[in-house]
Structures are given as C-alpha cells and as structure tokens.
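Computed from a predicted structure; not experimentally measured.
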Amino acid sequence: MSRRKIAAGNWKLNLSFEEAMQLAKSIADEEIPEGVEVVLAAPFPYLKSLRDLTMSIDKLHIAAQNCSEHAKGAYTGEVSVAMLDSIQITHVLVGHSERREYFEDTSEVLSKKLERAFENGLVPIYCCGEPLAIRKDGTHVAFVKKQLEETIFKLERENFSKLILAYEPIWAIGTGETASPEQAQEMHAAIRSVIADKYDTALAESIPILYGGSVKPANAKEIFSQSDVDGGLVGGASLKAESFSEIIKSF
Ligand code: PEP
C-alpha cells in the first residue's frame, strides 16, 4: 500500500528567529517531491511567523514541539493546543523522549496531550522508542508496545487514523549512532503488527511511521527504502538547509 511520505525536522532549542526564518525560506524555495510532505517543528515564539511564511505551500506543515495537557486556566508559562490552533498550527509533537526524560511527560500526561490535540483538530506526531539498556537485553519490541498501550491504544479508531507515529530509539538520538535499516524495519513492522492486533490491518497499513535517530543525507535513502518506514523525524540534520533538503529528496 502506498502511504504518505514525511520528512519532519525537529529544531528543538536551537536557532535565532532570523536563522529560523531563513532556514524555513530555503526549505520552502526547494521543490518538495511528489507524494512527500515536510513538517518543521519549531520553537513556540516562531510558529506564527513560520506559518505565515509557508501558508501557500500545501505540503509544508509547521508543528509545535510540545503543548500543554490542560485546555486553559492558571498554568503559567504553558501553551495550549487551542492557542496553536488559533494561529493555524496543524501538527504537534507528543511524547518526544526528551520530554519524557526531562519534563515528566508520563503516559498519563501524554494521553491528556493527545486528547487536547484531537479536541482542537491538530495532528499529533507521537514518538516512541527504547533506551539502550532495553535494546541490549532484547526487550525493545515489548517496551515500545507498552508505550503504545499506555497512550495511543486508548484512542478511538477514528482519532488513531489521524496520527503520525515516529519510532525513535533513544540510543540513536543525537548520538550519531543510527539504527541499521534492518533494526528500523523490524520495529516498524512490529508496530504495524500490534496496531493490526489492536485495531485492524487496514488501519495498521495506513499509518505513516517515521524513523528518528541520527538521520542524515548519507543514510536517509537506505532507511527510507525499508518497506515499513515512511520517512524520518530529523533533529541535527534538519538545522541546515542543505542537509535537510537532501533528506527530503531521499525518498
Ligand atoms: C530527534 O530530535 O527526534 C532526533 C532524532 O534527533 P537527531 O536526528 O539529531 O538524532
């Protein structure tokens, strides 16, 4: 089955406003291949300007890197999904391992964030993935399955069908170490299989699953060519127009 192909960049806590706008402009000026979508996950203060800059490009989406689990109220410093929606932001990362590790994004919190995203019509890019110790003892598939059971498997089929998933082994994020194409394929196929068991095969076959973890121009083509890999969630290599453009063209 042919699924959507997606190259998503996650800028994390990087770039000045000027640098971010310049980078987005360079990406927007490049031709995005047929059937490919691009997502730029940017810091909150830049979202509205980036959205305005890229508004006319259907295949280029701007994402928030996080959102509040609360709808509104006395939560100083938080940004709600309704606020994102009010500036026409369409996507939001949920469950990035850095949020899970440093900001106490537990499965319970992530379930609420997913709920808020769907209430406001945003597409969650839901991240999962195992730490090195789990990979070493060979229980990585069971670990990721549990992450899914505690969060997205609580969703109704209709909402689940709108998700984008990203498998990001923690040991490969920002380390320069990449999962081999076979390791990525094994996990993506396993994720599809547990989705089929929980919901149905048609749904499992339709969900885009991105790989994340030191994707760069030199390895993108081989990773993206795996049958169950539908693109990448890219950190470091998305911060330079040349390298991210090459990745976009790797499908
Ligand atoms: C990420 O930020 O999700 C990521 C995969 O980072 P990097 O590409 O730098 O490993």
Side-chain angles (χ1 to χ4, degrees), residues 1-10 27-28 30-41 54 56-63 90-95 114 117-118 121-129 141 144-145 148 152-153 155-169 172 178-213 215-234 237-238 243-251:
M1 135 160 231
S2 94
R3 281 180 294 270
R4 294 150 62 203
K5 303 292 175 203
I6 301 167
N10 176 14
I27 301 295
E30 293 278 335
E31 179 135 11
I32 299 173
E34 190 62 35
V36 176
E37 291 171 46
V38 173
V39 180
L40 302 177
T54 58
S56 62
I57 308 172
D58 288 347
K59 299 191 297 188
L60 208 172
H61 314 292
I62 304 299
T90 52
H91 292 62
V92 59
L93 300 187
V94 175
L114 289 163
F118 287 117
L122 270 78
V123 176
I125 302 175
Y126 175 83
C127 308
C128 57
V141 170
V144 168
K145 183 173 179 223
L148 307 185
I152 55 174
F153 279 3
L155 296 169
E156 300 285 328
R157 187 187 193 281
E158 196 192 331
N159 280 341
F160 195 99
S161 71
K162 297 172 188 158
L163 280 174
I164 297 170
L165 298 194
Y167 166 59
E168 300 205 301
T178 318
S180 67
E182 295 73 26
Q183 285 174 320
Q185 170 57 27
E186 180 212 26
M187 182 61 88
H188 285 226
I191 291 172
R192 257 185 238 294
S193 160
V194 293
I195 296 172
D197 290 345
K198 167 72 188 168
Y199 296 93
D200 53 74
T201 308
L203 187 61
E205 287 299 318
S206 70
I207 297 286
I209 309 180
L210 316 184
Y211 167 80
V215 173
K216 42 190 180 263
N219 59 25
K221 212 179 192 87
E222 205 185 354
I223 294 172
F224 295 175
S225 69
Q226 301 301 305
S227 59
D228 285 297
V229 177
D230 305 309
L233 179 53
V234 185
S238 72
S243 53
F244 194 51
S245 296
E246 255 195 80
I247 290 169
I248 293 169
K249 295 190 170 85
S250 299
F251 287 98

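With Gln185 contributing its side chain and Asp228 its backbone, the two residues share a donor-acceptor pair below 3.5 Å. When atom types are taken as modelled, the side chain of Thr54 and the backbone of Ile57 share no donor-acceptor pair closer than 3.5 angstrom. Proximity of a side-chain donor or acceptor of Arg4 to a complementary backbone N or O of Asp230 within less than 3.5 Å is not detected. No donor-acceptor distance shorter than 3.5 angstrom exists from the side chain of Arg3 to the backbone of Pro208, with no hydrogens or angles considered.
Between Arg157 and Asp200 the shortest side-chain heavy-atom distance falls below 4.5 Å. For the pair Ile191 and Cys128, the minimum side-chain heavy-atom distance is below 4.5 Å. Residues Ile248 and Glu30 are not in side-chain contact: their nearest non-hydrogen atoms beyond the backbone lie 4.5 Å or more apart. Within the 4.5 Å cutoff, the side chain of Lys198 has no heavy atoms near those of the Val194 side chain. At least one side-chain heavy atom of Lys216 sits less than 4.5 Å from a side-chain heavy atom of Thr178.
The residue from Ile164, Leu165, Leu163 that alone fulfils the side chain to side chain contact (heavy atoms under 4.5 Å, CB included) condition with Ile209 is Leu165.
Taking the six-membered ring where the residue is Trp, His188 and Tyr211 present tilted rings, their angle falling between 30° and 60°. Using cut-offs of 30° and 60° for the angle between ring planes, the Phe153 and Tyr199 rings count as perpendicular.
Pairing each heavy atom of Val144 with each of Gly129, the nearest pair is CG2-CA, 4.0 Å. Of all heavy-atom pairs spanning Pro217 and Glu246, the tightest one is CB-OE1, 3.4 Å. In terms of heavy-atom proximity, Ala117 sits nearest to Pro124 at CB-CG, 3.9 Å. Summarising the geometry of Glu37 relative to His61, their closest heavy-atom pair is OE1-NE2, 3.0 Å, with the distance given to 0.1 Å. Taking both residues in full, the closest heavy atoms of Ala204 and Arg192 are given as O-NH1, 2.9 Å, listed atom of the first, atom of the second, then distance. Scanning both residues, Phe160 and Ile152, for their nearest heavy atoms gives CD1-O, 3.4 Å.
The structure places OG of Ser250 at 8.5 Å from CG of Asn219, a figure rounded to the nearest 0.5 Å. Atom CD of Glu186 is separated from atom OH of Tyr167 by 8.0 Å, given to the nearest 0.5 angstrom. In this structure, Ile27 CD1 and Leu60 CG are separated by 8.0 Å, a value rounded to the nearest 0.5 Å. Remark: His91 NE2 to Ile6 CD1 distance equals 6.5 Å, nearest 0.5 Å. To the nearest 0.5 Å, the span separating CD on Glu182 from CD1 on Ile223 amounts to 10.0 Å. For the atom pair CD of Gln226 and CE of Met187, the computed distance is 14.5 Å after rounding to the nearest 0.5 Å.
Checked for salt-bridge contact, Glu31 and Lys249 miss the test: no charged N lies under 4.0 Å from a carboxylate O.
By the neighbour-count criterion of 12 heavy atoms within 6.0 Å, atom NZ of Lys5 is densely surrounded, having more than that number from other residues, nucleotides or ligands. By the neighbour-count criterion of 12 heavy atoms within 6.0 Å, atom CD of Glu156 is sparsely surrounded, having that number or fewer from other residues, nucleotides or ligands.
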